[in-house]
2 protein chains.
Amino acid sequence: MNYTIRQAAEKFGLEPPTLRYYEKEGILSPRKTETGIRIYSEEDMDQLEMVCCLKATGMSIKDIRRYFDLCAQGDSTVEERLEIFNQQRLHILKQIETLQKNLAKIDCKIAWYKGKHHIK
Amino acid sequence: MNYTIRQAAEKFGLEPPTLRYYEKEGILSPRKTETGIRIYSEEDMDQLEMVCCLKATGMSIKDIRRYFDLCAQGDSTVEERLEIFNQQRLHILKQIETLQKNLAKIDCKIAWYKGKHHIK
DNA sequence: CTAACTCTTAAAGTTAACTTTAAGTCAATA
DNA sequence: TATTGACTTAAAGTTAACTTTAAGAGTTAG
């Protein structure tokens with residue numbers, strides 16, 4: 001099934017100009033009708049899902065582009081791509097760890113405020 | 001114990017200009033010598049630690065400022081401050097959840113790449 | 001058939017959070 | 001005493017990731 005730019009954007013909570021921006025940055029290239037209108041295929045949607053996943057875990061547009069450039073280069077880059085995902089995996093684990101540490105600080109502060117609240 | 005701007009910055013992995021920037025934004029105000037040199041007290045350092053915690057969990061400089069403005073207003077704002085922390089707590093939990101979902105996707109991709117790697 | 005809507009492009013504008021620069025003062029060392 | 005290095009200020013510059021604008025073309029409803 002195919003999607004218009006509006007439908008594709010909506011599916012991932014993005015705006016159409018954002019998809020055009022991604023395209024300009026070289027990380028997405030849907031086919032176009034003779035009159036220049038973009039058509040997003042299932043494959044494009046899968047790619048866009050990966051873009052959102054990498055973006056949500058802190059990868060820059062530039063590095064996401066680098067990943068898709070490697071994909072386009074074919075099987076010779078499989079190991080390098082695997083390495084990118086291994087790195088991203090570690091990066092995510094570190095982010096979760098940092099958030100949990102800060103959550104503990106916040107919880108501590110909440111406990112303190114609750115105490116203060118009772119005294120009041 | 002007191003800290004120079006350099007020492008204070010280093011303790012939190014920041015640069016001196018960043019601390020001056022925070023000060024300009026109204027979220028930190030160390031005392032100064034007669035000649036204008038900043039001196040960070042333990043209390044300033046505690047405050048800076050909270051700035052880093054809130055920043056690391058996604059709060060904007062503007063909202064961090066708002067929190068410290070409430071602190072400066074005294075006990076009447078305790079409940080509002082507690083609410084800020086409760087919200088931030090939920091925000092952190094949501095971030096962790098999102099990261100975990102994306103981690104699962106990445107792990108899936110890694111498994112796929114490892115399979116492909118073996119076939120090669 | 002015309003009005004309203006959605007698409008197109010290229011380019012300029014926005015925002016947050018710094019970061020750098022320029023010009024200068026102050027403290028300590030050779 | 002001269003110079004080196006850390007501090008100061010205000011203001012301009014940077015970067016990423018959009019977002020908005022302007023001008024125009026194709027599509028659909030009445």
Side-chain angles (χ1 to χ4, degrees), chain A residues 2-41 44-45 47-69 88 91 95 98 102, chain B residues 2-41 44-45 47-69 88 91 95 98 102:
Chain A
N2 293 326
Y3 298 77
T4 65
I5 193 168
R6 179 158 296 278
Q7 293 165 338
E10 185 162 2
K11 185 148 182 178
F12 293 102
L14 303 171
E15 295 293 326
T18 306
L19 295 191
R20 293 193 195 100
Y21 165 71
Y22 286 170
E23 201 175 323
K24 209 185 81 188
E25 294 301 311
I27 66 182
L28 203 56
S29 28
R31 75 183 180 85
K32 292 184 179 183
T33 64
E34 324 78 54
T35 58
I37 295 188
R38 290 169 179 79
I39 298 167
Y40 293 80
S41 67
D44 289 323
M45 298 302 275
Q47 188 167 336
L48 188 47
E49 188 184 357
M50 185 49 68
V51 169
C52 291
C53 174
L54 293 173
K55 195 161 62 83
T57 55
M59 191 179 285
S60 69
I61 295 292
K62 198 177 143 192
D63 286 348
I64 293 172
R65 190 211 160 123
R66 173 161 170 64
Y67 166 68
F68 286 118
D69 282 352
Q88 193 66 5
H91 182 57
Q95 284 178 79
T98 299
N102 284 311
Chain B
N2 293 326
Y3 297 76
T4 64
I5 195 169
R6 178 157 298 278
Q7 292 164 338
E10 185 162 3
K11 184 149 181 178
F12 294 100
L14 303 171
E15 295 294 326
T18 305
L19 295 190
R20 293 194 194 100
Y21 164 72
Y22 287 169
E23 201 174 324
K24 208 184 80 190
E25 294 301 311
I27 65 180
L28 202 57
S29 28
R31 73 183 181 85
K32 294 184 180 184
T33 63
E34 324 78 54
T35 57
I37 294 187
R38 291 169 178 79
I39 298 166
Y40 292 81
S41 67
D44 290 322
M45 297 301 274
Q47 188 166 337
L48 189 47
E49 188 183 357
M50 186 50 67
V51 170
C52 290
C53 175
L54 294 173
K55 195 163 61 82
T57 56
M59 191 179 285
S60 69
I61 295 293
K62 198 177 146 191
D63 286 348
I64 293 172
R65 189 207 163 125
R66 172 158 170 65
Y67 165 67
F68 286 118
D69 282 352
Q88 193 67 5
H91 182 58
Q95 285 178 79
T98 300
N102 284 311

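A, B, ... follow the sequence lines: proteins, then strands. Residue 1 opens every chain. What's counted below: heavy atoms across the whole structure, side chains too, no hydrogens, waters or symmetry copies.
- For Tyr22(A) and Ile37(A), each mapped to the nucleotide of DNA chain D holding its nearest heavy atom, the one lying further toward the 5' end belongs to Tyr22(A).
- Taking atom CZ of Arg20(A) as the reference point, atom P of dA22(D) lies 17 Å away to the nearest angstrom.
- Close approach of DNA chain C to chain B, defined as any atom under 4.0 Å from a non-hydrogen atom of the protein, starts and stops at dA17(C) to dT20(C).
- Of the possible polar contacts, one joining the Gln47(B) side chain to the Ile27(B) backbone as a donor-acceptor pair under 3.5 Å is found.
- Within the 4.5 Å cutoff, side-chain heavy atoms of Tyr22(B) are placed close to those of Leu19(B).
- Counting heavy-atom neighbours within 6.0 Å of Arg20(B) CZ, excluding the residue itself, gives a total above 12.
- Sparse packing is recorded around CD of Glu15(A), with 12 or fewer heavy atoms of other residues, nucleotides or ligands lying under 6.0 Å away.
- Residue Glu23(B) contributes atom CD, which lies 14 Å from atom P of dC7(D) at whole-angstrom precision.
- Applying the side chain to side chain contact (heavy atoms under 4.5 Å, CB included) test to Asn102(B) and every residue at least two apart in sequence or in another chain returns Cys53(A), Ala56(A), Thr57(A), Thr98(B), Lys105(B).
- A heavy atom closer than 4.0 Å to some atom of DNA chain D occurs in no member of residues 51-65 of chain B.
- Residue-level contact check: Lys32(A) touches the backbone only, with heavy atoms under 4.0 Å from sugar-phosphate atoms and none from bases.
- In Gln7(A), the CD atom is crowded: over 12 heavy atoms of neighbouring residues, nucleotides or ligands sit closer than 6.0 Å.
- Without hydrogens or angle criteria, Asp44(B) side chain to Ser41(B) main chain gives a donor-acceptor distance under 3.5 Å.
- As judged by a 4.0 angstrom heavy-atom cut-off over every strand, Arg38(B) is placed among residues touching the sugar-phosphate backbone only.
- Comment: Arg38(A) engages Glu23(A) in a salt bridge, judged by a side-chain N to carboxylate O separation of less than 4.0 angstrom.
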